[in-house]
Amino acid sequence: MSGTTPIAAVLTLSPDNPCNTTLLNEDGKELYHVHTEHGNVTTTYVKDADGQVLASLEWRDVLPDKVTLGQKGPTSIRDWLHTSLVPFYLKDDVDFRDDAGRKYKWRGNAPGRILELFSEDDRYTQPIAQFRKSRRDPAAAALLLTARALEIRDTAVVSFLFLEKSRRTNETTAQNVGDALSAPAMSAFTGSDYNVRDGGI
């Protein structure tokens with residue numbers, strides 16, 4: 001994590017899938033379990049170590065996803081996680097408040113970026129949480145949390161998982177569009193074969 005704030009906890013995603021994963025602490029203890037059910041609607045559930053549902057996310061194709069937090073009723077995820085529309089350079093920021101009214105900002109909510117969480121405490125200067133992508137070396141995908149982030153651990157984890165789900169969806173869509181645009185002319189017109197990585201669109 002950038003800056004000098006020490007890491008207080010590392011939550012490893014096993015596997016690296018925000019919709020179906022288990023988050024483990026450094027001792028390998030399960031802290032959160034995430035699973036997605038597919039039926040008439042697709043819903044992702046986040047449970048704590050005791051099996052209690054902390055939040056759920058109902059996927060929607062056109063309208064924003066619906067989120068349910070604890071015992072609260074379902075609402076548009078945009079009513080909880082506010083995405084900036086203007087100015088343009090802030091469009092990848094997502095704002096929310098904790099139960100005490102304190103303000104936070106996720107940055108990097110865009111294809112090719114890495115999510116980092118900031119708080120209003122220091123005017124959003126140093127990240128208090130950051131996602132570490134999985135790599136070929138032993139470092140697995142993990143959410144890195146400072147002591148400040150641990151104050152809102154459940155909220156930080158749930159908001160990260162739901163944002164990372166949508167960020168990866170948008171990343172895949174952007175990649176597919178890029179593949180289609182960069183593909184050569186169809187073989188029916190050129191007489192040669194072509195392949196589109198990841199299936200195109």
Side-chain angles (χ1 to χ4, degrees), residues 1-13 16-21 23 31-32 34 36 44-46 48 54-60 63-70 72 74-134 140-174:
M1 190 179 296
S2 60
T4 59
T5 306
I7 303 296
V10 177
L11 305 186
T12 300
L13 279 71
D16 181 11
N17 179 347
C19 301
N20 290 286
T21 191
L23 277 74
L31 298 183
Y32 301 93
V34 188
T36 299
T44 298
Y45 297 90
V46 181
D48 63 16
L54 300 177
S56 63
L57 185 73
E58 179 184 322
W59 300 21
R60 307 174 83 184
L63 297 174
D65 292 343
K66 278 189 175 182
V67 63
T68 301
L69 301 172
K72 299 177 182 178
T75 185
S76 169
I77 194 168
R78 290 183 181 175
D79 291 336
W80 176 43
L81 302 175
H82 307 282
T83 304
S84 300
L85 298 178
V86 290
F88 181 76
Y89 66 86
L90 293 178
K91 68 181 180 66
D92 299 336
D93 290 357
V94 179
D95 302 317
F96 69 93
R97 295 174 182 262
D98 64 16
D99 292 337
R102 296 177 297 182
K103 296 180 181 179
Y104 302 86
K105 188 188 302 288
W106 280 106
R107 289 177 173 161
N109 185 43
R113 301 283 302 281
I114 295 176
L115 285 169
E116 293 183 304
L117 179 63
F118 296 78
S119 77
E120 190 183 32
D121 299 1
D122 64 352
R123 298 184 179 180
Y124 311 106
T125 301
Q126 296 292 336
I128 63 172
Q130 182 187 69
F131 179 54
R132 182 185 68 197
K133 290 186 176 182
S134 57
L143 185 62
L144 313 180
L145 305 173
T146 65
R148 178 65 178 83
L150 289 179
E151 296 178 17
I152 58 162
R153 193 184 74 180
D154 288 350
T155 303
V157 168
V158 170
S159 60
F160 159 73
L161 290 168
F162 292 168
L163 283 176
E164 182 66 6
K165 170 260 181 188
S166 62
R167 194 200 65 78
R168 293 193 191 189
T169 299
N170 293 335
E171 191 170 64
T172 300
T173 299

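Computed from heavy atoms alone, side chains included, the values below leave out hydrogens, waters and symmetry copies. Just so you know, residue 1 is the first one in the sequence shown, and it goes up from there.
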### Task
Would you mind checking if R168 and D16 are paired as a salt bridge, meaning a charged N to carboxylate O distance below 4.0 Å?
yes

### Query
How close do Y124 and R107 get, heavy atom to heavy atom, and via which atoms?
O-NH1, 3.2 Å

## Note on the structure
Here the gap from L54 atom CG to T155 atom OG1, rounded to the nearest 0.5 Å, amounts to 9.0 Å

### Main-chain N/O of P18 paired with T21 side-chain donor or acceptor, under 3.5 Å
no

### Message
Looking at every non-hydrogen atom in both residues, tell me the closest pair between T146 and P127 and how far apart they are.
### Response
CG2-O, 4.1 Å

### From E116 atom CD to Q126 atom CD, the distance as rounded to the nearest 0.5 Å
9.5 Å

### Message
For S119, is there any backbone N or O sitting under 3.5 Å from a side-chain donor or acceptor partner on R148?
### Response
no

### Task
Count the heavy atoms belonging to other residues, nucleotides or ligands that lie under 6.0 Å from CZ of R78, then report whether that count exceeds 12.
no

### Query
Under the salt bridge (Lys or Arg N to Asp or Glu O under 4.0 Å) test, which residues partner R113, sequence neighbours left out?
D92

#### Entry: Rounded distance (nearest 0.5 Å) linking atom CZ of F131 with atom CH2 of W106
10.0 Å

### Query
Where do A9 and L150 come nearest, in terms of heavy atoms and distance?
CB-CD2, 3.9 Å

### Query
Which heavy-atom pair separates S56 from Y45 by the least distance, and what is that distance?
CB-CD2, 3.7 Å

### Task
Report the distance from atom CD1 of I128 to atom CZ of F118, rounding to the nearest 0.5 Å.
9.5 Å

### Message
If you define the side chain from C-beta out and look only at heavy atoms, does anything of V158 sit under 4.5 Å from W80?
### Response
yes

### Task
For T36 and C19, indicate whether the former's side chain and the latter's backbone hold a donor-acceptor pair under 3.5 Å.
yes

### Residue pair R102 / I152, side-chain heavy-atom distance below 4.5 Å
yes

### Query
Which residues pass the side-chain contact (heavy atoms from CB on, under 4.5 Å) test with A142, sequence neighbours left out?
V10, T12, R132, L144

## Note on the structure
Which of L145, L11, L13 passes side-chain contact (heavy atoms from CB on, under 4.5 Å) with F160? Answer is L13

### Query
What heavy-atom pair brings G112 and R167 nearest, and what distance separates the two atoms?
N-NH1, 3.6 Å

### Query
Among D65, N17, T44, which residue meets the side chain to side chain donor-acceptor pair (under 3.5 Å) test with K165?
D65

### Message
Working to the nearest 0.5 angstrom, can you tell me the gap between L31 CG and R153 CZ?
### Response
5.0 Å

### Task
Under the salt bridge (Lys or Arg N to Asp or Glu O under 4.0 Å) rule, collect the residues that match up with E120, sequence neighbours excluded.
none

### Query
Residues two or more places apart in sequence or in another chain: which of them pass salt bridge (Lys or Arg N to Asp or Glu O under 4.0 Å) with D122?
none

### Message
Suppose we screen for side-chain contact (heavy atoms from CB on, under 4.5 Å). Which residues come up paired with A147, at least two apart in sequence or across chains?
### Response
A8

### Message
Would you say that more than 12 heavy atoms from the other residues, nucleotides or ligands in this model lie under 6.0 Å from the NZ of K72, or not?
### Response
no

#### Entry: Listed partners of Y104 passing ring-ring contact (aromatic ring centres under 6.0 Å, His included), at least two apart
F96

### Query
Roughly how far, to the nearest 0.5 Å, is the CG atom of L117 from the CD atom of Q130?
10.5 Å

#### Entry: D79: which of T75, L81, I77 passes side-chain contact (heavy atoms from CB on, under 4.5 Å)
T75

## Note on the structure
Looking only at heavy atoms, the pair that brings V46 and L161 closest together is CG2-CD1, 3.9 Å

### Query
Distance-only, no hydrogens or angles: does the S134 side chain make a donor-acceptor pair with backbone N or O of A141 under 3.5 Å?
no

